[in-house]
Amino acid sequence: MVDTKQREVTTLNMILLALAVLSLAVAVWDVFSDTFRAGTDDLFLVLVCLMLALLFAISPLMWARANGWLKNPFAEEAFAEGGAEMEVTHEEHGGSDRQNIMVWGVLIGLTAVEVFLAYIQIPLTLMVIILMGASIIKAALIIAYFMHLKFERLSLILTIVPTLVVLLCLFAILFPDSFRLHNLRPAEAAQQAEPER
Amino acid sequence: MADANAETLAINDWGGGVHPYRIGHRKLGMWLFIMSDSLTFGALLVTYSYARVASVRWPTPFSIYPSIAFSTVMTLVLLSSSLTMVFAVSASKRGKRGSARKWIVATMALGLTFVVLHMMEWRHLIVDEGLAPFQLPDEWLKGWPGASPLFGSTFFGITGLHMFHVLTGVIYLGVIAARIKKLNDDVEIAGLYWHFVDLVWMFVFPLIYLLSVDYNHVLGK
């Protein structure tokens, strides 16, 4: 009875793993195929494939982790940082005051870096990339520590985070269309706008 | 905690049981609200970026001083209010309700400071500069010919909705602080909301302010 169930679980996870690999393969194929032009359609296809791969991979990965085949690479680091505290905080539902103040300090520091970059003026594209990266790091810190999501059950994290990431990415998929719209503007107007946008 | 039974029922992370997420239904409700609200702000910010990139010209009117310095102070105030909210939640967890109330009041004060500072910023743009939701001031149009009039609507729309969230949060926290003796996990749930408002500002501030610095001193400041 137990053997049958285990075999079932193994089979299902293998099927899911195969689907994940297949989705990943489609994404890779799209990038390296001749028709790839990095337009909206291509980005959409790659993103959807990567999302599907992630979706299919979640269950096998968790299964592998439960069986001890997959070690969390961050586990040791967390142990060094929090030490025995980690066990206690899980019960208490949150980090210590000291940890929260440290997170706050990092948030302030990142903000200071952002403002400094705005002050010295760097190229716009680089600026956008750095700002968005810093904002995502800040958002992750706030969600993980201030909103305690790091200390919640894995099922809640897996319900909230992937959903949000996928939906926000779906918004962003439409974004490259704005470049097309910009390029469709009349030539003289576009020329005027050369220096800044 | 009351969920101790769920522990034994739920064997693995997808095991379900009586409390599949090991949190109360109200906290789950707040998480669902936060998800839907982040999509609202996500849509607004993507729309703003879309309109900005697709436009021939987009005004970048904020001078380092006072505008950027001002909004940086606002960011620091909001970040600090998140920290005081964290202290309120941890005090409430330890059963120190009086202390939790003090921290909540501190959070409210910082939230109100943010709103007041933001109102001053708005007043400066509306009264001194003459910016309107669908119309740019003449001086700006001289500096950026053919600039999109959508600057005002995106600016007031996004920061206005965020300010409304801060104001709602202050009222929400006020109710929590007043009734703290009768409440249990409400402080933590209010904290989730407050941190979310802070989180949204972490995207609004760079996208709206830091990417609109007037480097060429078009407005002569």
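By convention in this document, chain letters (A, B, ...) are assigned in the order of the sequence lines, proteins followed by strands, and residues within each chain are numbered from 1.
Residues B/V53 and A/S178 come closest through the heavy atom pair CG1-OG, 3.6 Å. Smallest separation of non-hydrogen atoms from A/L164 and B/S38: CD2-OG, 3.1 Å. Closest non-hydrogen pair, B/P206 versus A/E114, comes out as CG-OE1, 4.1 Å. Nearest heavy-atom pair, A/M127 versus B/L210, reported as atom, atom and distance to 0.1 Å: CE-O, 4.0 Å.
Counting heavy atoms from C-beta outward, A/E152 and B/I23 have side chains that approach closer than 4.5 Å. Side chains of B/Y215 and A/Q121 form a contact here, defined as non-hydrogen atoms less than 4.5 Å apart. Taking the side chain as every heavy atom from C-beta outward, A/W104 and B/S82 never approach each other to under 4.5 Å. Taking the side chain as every heavy atom from C-beta outward, A/M147 and B/I34 approach each other to under 4.5 Å. Inter-residue side-chain proximity for A/L131 and B/L211 is flagged as met; some heavy-atom pair is nearer than 4.5 Å. The side-chain heavy atoms of A/K138 and B/L199, taken from C-beta on, include no pair separated by under 4.5 Å. Between A/F171 and B/L44 the shortest side-chain heavy-atom distance does not fall below 4.5 Å. Contact of the A/M132 side chain with the B/F203 side chain is registered, since non-hydrogen atoms from C-beta on lie closer than 4.5 Å.
With chain A as partner, the option from B/V213, B/T47, B/L39 having the largest number of non-hydrogen pairs under 4.5 angstrom is B/L39. Most heavy-atom pairs under 4.5 Å with chain B, from the set A/I157, A/L141, A/V103, A/L149: that is A/L149. Your options are A/I108, A/I160, A/L168, and the one with the most heavy-atom pairs under 4.5 Å with chain B is A/I160. Counting heavy-atom pairs under 4.5 Å between each of B/L45, B/L192, B/I68 and chain A puts B/L192 at the top. Annotation: maximal heavy-atom pairing with chain B below 4.5 Å, among A/V128, A/D177, A/L174, A/L117, occurs at A/D177.
Residue B/L207 touches chain A through its side chain alone, counting heavy-atom pairs closer than 4.5 Å. For a residue to count as touching a neighbouring chain, one of its non-hydrogen atoms must lie under 4.5 Å from one of that chain's; by this rule A/I142 touches chain B with the side chain only. B/V200 does not touch chain A: none of its heavy atoms, backbone or side chain, sits under 4.5 Å away. If you measure heavy-atom distances from B/T72 to chain A, the contacts under 4.5 Å come from the side chain alone. Looking at B/F205, only its side chain comes within 4.5 Å of chain A, counting heavy atoms on both sides. Contacts of B/Y50 with chain A are made by both backbone and side-chain atoms, with heavy-atom separations under 4.5 Å. Interface residue B/T75: only side-chain heavy atoms are found under 4.5 Å from chain A. Only the side chain of B/I64 comes within contact range of chain A, judged by heavy atoms closer than 4.5 Å.
Of the charged side-chain nitrogens involved, none lies within less than 4.0 Å of a carboxylate oxygen, so that B/K93 and A/D97 do not count as a salt-bridged pair.
The neighbour count for A/N67 CG, taken as heavy atoms of other residues, nucleotides or ligands under 6.0 Å away, is above 12. Other residues, nucleotides and ligands contribute at most 12 non-hydrogen atoms within 6.0 Å of the OH atom of A/Y119.
Note that the CG atom of A/L107 and the CG atom of B/L78 stand 11.0 Å from one another [nearest 0.5 Å]. Taking OG1 from A/T159 and CE from B/M35, the interatomic distance works out to 8.0 Å, rounded to the nearest 0.5 Å. Put simply, OG1 on B/T84 and CG on A/N100 are 11.5 Å apart, with the number rounded to the nearest 0.5 Å.
Aromatic ring pairs are classed by plane angle as parallel below 30°, tilted from 30° to 60° and perpendicular above 60°; the pair A/F146 and B/H195 is tilted.
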